[in-house]
Amino acid sequence: MLLVIDIGNTNTNLGVFGDDNKLEKSWNISSDISRFEDEYGILILSLLQNSNIAPHIDSAIISSVVAPLSETYKKALEKYLNISPFILSHKAKLPVKIDLKQPKEAGADRLANASAAAVYYKLPAIVIDLGTATSFDIVDKDRNFIGGLIAPGLKIQAKSLSQFTSKLPKLKIEAPKDAIGKDTISAMLSGIVRGHAAMIEGMIKACEKELGQRATVIATGGYSSVLFNDMERDFDYINPNLTLEGLRYLYEINCGESKNDGENYAKSTKTASLL
């Protein structure tokens, strides 16, 4: 079984894929650089043991945008699972060509998203990852990862409003009922959520203009379902596990055998089936 780990700035997603390439289990934990390798090792081992998975893990891949945690997780897996993980970087074998001015600047999570888009969906494709930051990863019709955009995410916007304005409260991110807020909370939610949705729609339109054709739009990340009802143009797919699935595929083509399961996978993650 394969353990995939996506280390983000705020949270780390872990998933286990079985021999049939299906996601068997997943977890979300905080990305805390103050934790030592033993803490992460014991935590991961505990999660796997509680799910009766630990004895079956024989391989791992790590994607990280937090450099100190890459080494911490690597040492934790080596010590507690006796596994030497594959660390994803721009030097790995990819199903896309990195068409950027500085390929090494491409985050590992963005490489996983672009790879998953190229393998599992119709191109060109725009992956919108709604996490700490909101990022667009764009793959053209010829399987070139041509770049994208990075904007402050919903949580960052909400935190900034509370932090830099004395009278605005902290709030839970959720879909607002109306565009015109009748109180402070609803006004903030409308500005943050509906404003973010409008930004995304405008940027999709701008990116498609540069691509010269309509693109397949895939949303991933924790806030994709929050935005869905406030967009005139629907996401073509909502796939919360896109990055993990991309990592699974990248492990296969770099360390094992790849299977062409893209068509069935794409059908299983159609937006309508997830809402």
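We count residues from 1, following the sequence as given.
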Student: Given salt bridge (Lys or Arg N to Asp or Glu O under 4.0 Å), test Arg248 with Glu245 step by step and report yes or no.
Tutor: CA-CA 5 Å; Arg248 178 196 67 79; Glu245 183 62 30; 2.4 Å; yes
Student: According to side-chain contact (heavy atoms from CB on, under 4.5 Å), who are the partners of Asp58, at least two apart in sequence or on a separate chain?
Tutor: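 None.
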Student: So, do Leu250 and Leu94 sit near enough that their side-chain heavy atoms are less than 4.5 Å apart?
Tutor: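 Yes, close enough: below the 4.5 Å cut-off.
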Student: How long is the span from the CD1 atom in Ile98 to the NZ atom in Lys91, to the nearest 0.5 Å?
Tutor: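 It comes to 11.5 Å.
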Student: Go through it in stages, so that I can follow the logic: the residues are Asn144 and Val96, the test is side-chain contact (heavy atoms from CB on, under 4.5 Å), and I'd like the CA-CA distance, side-chain angles, deciding distance and then a yes or no.
Tutor: CA-CA 5 Å; Asn144 297 307; Val96 295; over 6 Å; no
Student: Should we say atom CG of Asn82 is surrounded by more than 12 heavy atoms from elsewhere, each under 6.0 Å from it?
Tutor: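 No, CG of Asn82 has 12 or fewer neighbouring heavy atoms, counting only those of other groups under 6.0 Å.
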Student: What heavy-atom pair brings Ile53 and Trp27 nearest, and what distance separates the two atoms?
Tutor: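 Minimum heavy-atom separation between Ile53 and Trp27: CD1-CH2, 4.3 Å.
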Student: Considering only NZ, NE, NH1 and NH2 on the basic side and carboxylate oxygens on the acidic side, decide whether Arg110 and Glu105 come within less than 4.0 Å.
Tutor: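 No salt bridge links Arg110 with Glu105.
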Student: Report yes if the side chains of Ile253 and Pro95 come closer than 4.5 Å at any heavy-atom pair, otherwise no.
Tutor: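 Heavy-atom side-chain distance check passes, below 4.5 Å.
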Student: Quick check: does any side chain N or O of Ser63 sit under 3.5 Å from a backbone N or O of Leu88, one acting as donor and the other as acceptor?
Tutor: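 Checked: no pair found.
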Student: Quick check on the hydrophobic clustering: are Leu23 and Val16 connected, directly or via other members, by side-chain heavy-atom contacts under 4.5 Å?
Tutor: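 Hydrophobic grouping puts Leu23 apart from Val16.
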Student: Is it the case that the side chain of Thr134 and the backbone of Leu130 share a donor-acceptor pair, with hydrogens and angles ignored and the cut-off at 3.5 Å?
Tutor: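 Not at all, since once roles are kept as given, no pair shorter than 3.5 Å links the two residues.
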Student: Between the side chain of Thr216 and the main-chain N/O of Lys122, is any donor-acceptor distance below 3.5 Å?
Tutor: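 Yes; judged by distance alone, with no hydrogens or angles, the pair exists.
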Student: Is there a side-chain contact between Leu45 and Leu47, using heavy atoms and a 4.5 Å cut-off?
Tutor: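 The answer is no; the side chains never approach within 4.5 Å.
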Student: So which heavy atom on Leu43 is nearest to which on Ile29, and how close?
Tutor: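 Closest pair (atom of Leu43, atom of Ile29, distance): CD2-CD1, 3.8 Å.
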Student: Report the C-alpha separation of Met203 and Phe136 in whole Å, then their side-chain angles, then the decisive distance to 0.1 Å, and conclude whether the side-chain contact (heavy atoms from CB on, under 4.5 Å) test is met.
Tutor: CA-CA 9 Å; Met203 291 310 304; Phe136 281 46; 3.9 Å; yes
Student: Ignoring hydrogens, what is the shortest heavy-atom contact between Ala179 and Ser190? Give both atom names and the distance.
Tutor: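 In terms of heavy atoms, the two residues are closest at O-OG, 2.5 Å.
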Student: Is Asp140 reaching over with its side chain to a backbone N or O of Arg143, donor-acceptor style, under 3.5 angstrom?
Tutor: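 Here the side-chain-to-backbone pair exists.
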Student: Can you tell me how far apart NE2 (His56) and CG (Asn52) are? Round to the nearest 0.5 Å.
Tutor: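 It is 7.5 Å, given to the nearest 0.5 Å.
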Student: So, do Tyr249 and Tyr120 sit near enough that their side-chain heavy atoms are less than 4.5 Å apart?
Tutor: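 Touching, per the 4.5 Å side-chain cut-off.
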Student: Testing the basics here: between Cys207 and Ile126, what is the closest heavy-atom pair and its distance to 0.1 Å?
Tutor: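 That would be CB-CD1, 3.9 Å.
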Student: Out of curiosity, does Ile33 fall in the hydrophobic cluster containing Phe36 (side-chain heavy atoms, cut-off under 4.5 Å, transitive links)?
Tutor: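 Per the 4.5 Å side-chain linkage, Phe36 and Ile33 are not co-clustered.
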Student: Given 3.5 Å as the limit, does a donor-acceptor pair link the side chain of Ser46 with the main chain of Ile42, or not?
Tutor: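 The answer is no, because no donor-acceptor pair under 3.5 Å joins these two groups.
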Student: Can you name the one residue among Val4, Asp6, Val127 that meets side-chain contact (heavy atoms from CB on, under 4.5 Å) with Thr243?
Tutor: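 Among Val4, Asp6, Val127, the one meeting side-chain contact (heavy atoms from CB on, under 4.5 Å) with Thr243 is Asp6.
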Student: Can you name the nearest heavy-atom pair linking Leu77 to Ala60, along with the distance?
Tutor: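 Closest approach of Leu77 to Ala60, heavy atoms only: CD1-CB, 3.8 Å.
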Student: Determine, stepwise, if the pair Ile138 / Phe145 fulfils side-chain contact (heavy atoms from CB on, under 4.5 Å).
Tutor: CA-CA 6 Å; Ile138 301 171; Phe145 173 34; 5.7 Å; no
Student: Compare every heavy atom of Ser31 with every heavy atom of Ile7, then report the nearest pair and how far apart it is.
Tutor: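 Nearest heavy atoms, Ile7 then Ser31: CG2-OG, 4.1 Å.
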Student: Hey, what do you get for CG (Leu2) to CG (Asp19), rounding to the nearest 0.5 Å?
Tutor: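 Here the interatomic distance stands at 10.0 Å.
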Student: Group every Ile, Leu, Val, Met, Phe, Trp and Tyr by side-chain heavy-atom contacts under 4.5 Å, then state whether Phe86 and Val65 land in the same group.
Tutor: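 The answer is no; the residues belong to distinct hydrophobic clusters.
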Student: Checking Tyr40 against Tyr80 for the side-chain contact (heavy atoms from CB on, under 4.5 Å) test, could you report, in this order, the C-alpha distance in whole Å, the side-chain angles of both residues, the deciding distance, and whether it holds?
Tutor: CA-CA 9 Å; Tyr40 276 115; Tyr80 287 88; over 6 Å; no
Student: Compare all side-chain heavy atoms of Ile146 with those of Val139 and state whether any distance is below 4.5 angstrom.
Tutor: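 Not in contact.
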Student: Could you tell me whether the side chain of Asp109 reaches within less than 4.5 Å of the side chain of Asp137, counting heavy atoms only?
Tutor: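 No - every pair of side-chain heavy atoms lies 4.5 Å or more apart.
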Student: Between Gln213 (side chain only) and Pro124 (backbone N and O only), is there a donor and an acceptor less than 3.5 Å apart?
Tutor: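 No, the answer is negative, given that no donor and acceptor are paired below the 3.5 Å cut-off.
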Student: Test your reading of the model: is there a side-chain donor-acceptor pair from Asn241 to the backbone of Leu244, 3.5 Å cut-off?
Tutor: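 Looks like no, no N/O pair under 3.5 Å.
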Student: Among the clusters formed by ILVMFWY side chains lying less than 4.5 Å apart, do Val66 and Leu3 turn up in the same one?
Tutor: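 The answer is yes; both residues are in one hydrophobic cluster.
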Student: Roughly how far apart are Leu247 CG and Asn254 CG, rounded to 0.5 Å?
Tutor: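 The CG atom of Asn254 is 11.0 Å from CG of Leu247, to the nearest 0.5 Å.
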Student: Check for a donor-acceptor pair, side chain of Asp236 on one end and backbone N or O of Val217 on the other, with a separation under 3.5 Å.
Tutor: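 The answer is yes, because a donor-acceptor pair under 3.5 Å joins these two groups.
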Student: Rounded to the nearest 0.5 Å, how far apart are CG of Asp32 and CG of Asn11?
Tutor: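 Output value for this atom pair is 11.0 Å.
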Student: Linking I/L/V/M/F/W/Y whenever their side-chain heavy atoms sit closer than 4.5 Å, directly or via other members, would Tyr73 and Leu111 fall into one cluster?
Tutor: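 No; tracing contacts between hydrophobic side chains, which count when under 4.5 Å, never links both residues.
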Student: Look only at the side chain of Ser51 and the backbone of Leu48, and say whether a donor-acceptor pair between them is shorter than 3.5 Å.
Tutor: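 Looks like no, no N/O pair under 3.5 Å.
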Student: Between Lys141 and Leu211, is there a side-chain heavy-atom distance shorter than 4.5 Å?
Tutor: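 Leu211 does not reach Lys141 side chain to side chain.
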Student: State which residues pass side-chain contact (heavy atoms from CB on, under 4.5 Å) with Lys205; sequence neighbours excluded, sorted by chain then number.
Tutor: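 Counting only residues at least two positions away or on another chain, Lys205 forms no side-chain contact (heavy atoms from CB on, under 4.5 Å).
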Student: How long is the straight-line distance from CD1 of Ile62 back to OG of Ser70, given to the nearest 0.5 Å?
Tutor: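 Going from the OG atom of Ser70 to the CD1 atom of Ile62 covers 7.0 Å.
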Student: Keeping Glu37 on the side-chain end and Lys75 on the backbone end, is there a donor-acceptor pair under 3.5 Å?
Tutor: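 No; zero donor-acceptor contacts below 3.5 Å.
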